Q: 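Handing you a structure now.
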Amino acid sequence: RRNQFQSATAFGVLIRVDSKYVIDYFPWKEFSDISIDEYLKNIERTRELPDFSLRDLELEKKYKNKNNKSFRNHYLVTDYSKELPENNKTLKVKYLGALDELIRFLNHLSKDIKVRIDFNNALTLSEILYFWSSLKKTEMIDFLEDPFVFSQEDWDELSKTGIPLAADRNVFSTKNCKYKILKANR
């Protein structure tokens, strides 16, 4: 079910600043943001970014200059059979619907890799508990993102196990997760 602030499609623009940085603008009509056309015309007319985009740029610079340690700096895994690049120490793994395949993939990884797994609400509490107990090296897991459809009771139960959790869908409802992932276009 969509709430009043969600639409089926979000339109926005990406703007390259210098050769190193990219910022985005995704207006929300519901919050009276200016249109994309008006945003771009203002930049063209003034030859400057608006204040809110300058703040975004400063955040982008801050993250880029911290030895690339923001969450954006991970290798995205959507195929468990592909060879992984040697120089990347952080993976974001998308759950593809085959839990035992995911477990085999993770159990064969090097111990010096950190893994973030995005389940996109695909499992149940009991399936997540099975998954966690099947891992040989749980210390490599940075977090499990949206393991199942949000229920405060189930999240409370899961948090008691010490499993590191992250939320990107119910970030304001979730009280007991290690990370809250905020996306500008949501």
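Because only heavy atoms are used, hydrogens play no part in the values below, and waters and symmetry mates are left out as well, while side chains stay in. If you're wondering where the values come from, they're calculated on a predicted model, not measured in any experiment.
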Q: With distance as the sole test, does K137 use its side chain to make a donor-acceptor pair with the main-chain N or O of L109 at under 3.5 Å?
A: yes

Q: Identify the two heavy atoms, one from D146 and one from A167, that lie closest to each other, and give their separation to 0.1 Å.
A: OD1-CA, 3.5 Å

Q: Report the C-alpha separation of I23 and L54 in whole Å, then their side-chain angles, then the decisive distance to 0.1 Å, and conclude whether the side-chain contact (heavy atoms from CB on, under 4.5 Å) test is met.
A: CA-CA 9 Å; I23 59 170; L54 287 172; over 6 Å; no

Q: Please give me the minimum heavy-atom distance between F143 and L165, naming the atom from each residue.
A: CB-C, 4.2 Å

Q: Within this structure, what is the CD1-CE distance for the pair I117 and M140, rounded to the nearest 0.5 Å?
A: 8.5 Å

Q: Please tell me whether L76 and Y95 are part of a single hydrophobic cluster in this structure, the criterion being side-chain heavy atoms less than 4.5 Å apart.
A: no

Q: Between the side chain of E127 and the main-chain N/O of T124, is any donor-acceptor distance below 3.5 Å?
A: yes

Q: Which of parallel (below 30°), tilted (30 to 60°) and perpendicular (above 60°) describes F52 and Y25?
A: tilted

Q: Using the rule given for side-chain contact (heavy atoms from CB on, under 4.5 Å), can you reason through Y80 versus L106, listing the C-alpha separation, both sets of side-chain angles and the distance that settles it, and then say yes or no?
A: CA-CA 9 Å; Y80 307 149; L106 295 171; over 6 Å; no

Q: How close do W132 and P164 get, heavy atom to heavy atom, and via which atoms?
A: CH2-CD, 3.7 Å

Q: How long is the span from the CD1 atom in I163 to the CG atom in L158, to the nearest 0.5 Å?
A: 4.5 Å

Q: Side-chain donor-acceptor pair under 3.5 Å between Y130 and D100, yes or no?
A: yes

Q: For a 4.5 angstrom cut-off between non-hydrogen side-chain atoms, does L99 reach L123?
A: yes

Q: Show your reasoning for whether side chain to side chain donor-acceptor pair (under 3.5 Å) applies to N42 and E38.
A: CA-CA 6 Å; N42 286 343; E38 190 177 345; 4.6 Å; no

Q: Is there a side-chain contact between S151 and L125, using heavy atoms and a 4.5 Å cut-off?
A: no

Q: With the side chain counted from C-beta on, respond yes when P27 and Y39 share a heavy-atom pair under 4.5 Å apart, and no when they do not.
A: no

Q: As an exercise, state the distance from NZ of K114 to CG of D142, rounded to the nearest 0.5 Å.
A: 5.5 Å

Q: For the CD atom on E139, are there more than 12 heavy atoms of other groups (residues, nucleotides or ligands in this structure) within a distance under 6.0 Å?
A: yes

Q: Once the angle between the rings of F150 and W155 is folded into 0 to 90°, is it parallel (under 30°), tilted (30 to 60°) or perpendicular (over 60°)?
A: tilted

Q: When rounded to the nearest 0.5 angstrom, what distance separates CZ in F119 from CD1 in I128?
A: 4.0 Å

Q: Can you name the salt bridge (Lys or Arg N to Asp or Glu O under 4.0 Å) partners of K89, sequence neighbours left out?
A: D112

Q: Could you walk me through whether T90 and R116 pass the side-chain contact (heavy atoms from CB on, under 4.5 Å) test, one step at a time?
A: CA-CA 8 Å; T90 304; R116 301 165 180 154; 3.5 Å; yes

Q: Consider only side-chain N and O atoms of D79 and S81, and report whether a donor and an acceptor are under 3.5 Å apart.
A: yes

Q: Does a donor on one side chain and an acceptor on the other come within less than 3.5 Å for N107 and R104?
A: no

Q: Distance check, rounded to the nearest 0.5 Å: F148 atom CZ versus N121 atom CG?
A: 9.0 Å

Q: Compare all side-chain heavy atoms of K92 with those of V77 and state whether any distance is below 4.5 angstrom.
A: no

Q: Between atom OG of S159 and atom CG of D154, what is the distance when rounded to the nearest 0.5 Å?
A: 11.0 Å

Q: Please assess L96 against E101 for the test side-chain contact (heavy atoms from CB on, under 4.5 Å), listing each intermediate value before the final yes or no.
A: CA-CA 9 Å; L96 305 174; E101 230 179 273; 5.7 Å; no

Q: Can you see which heavy atom on L91 is nearest to which on L84, and at what distance?
A: CD1-CD1, 3.7 Å

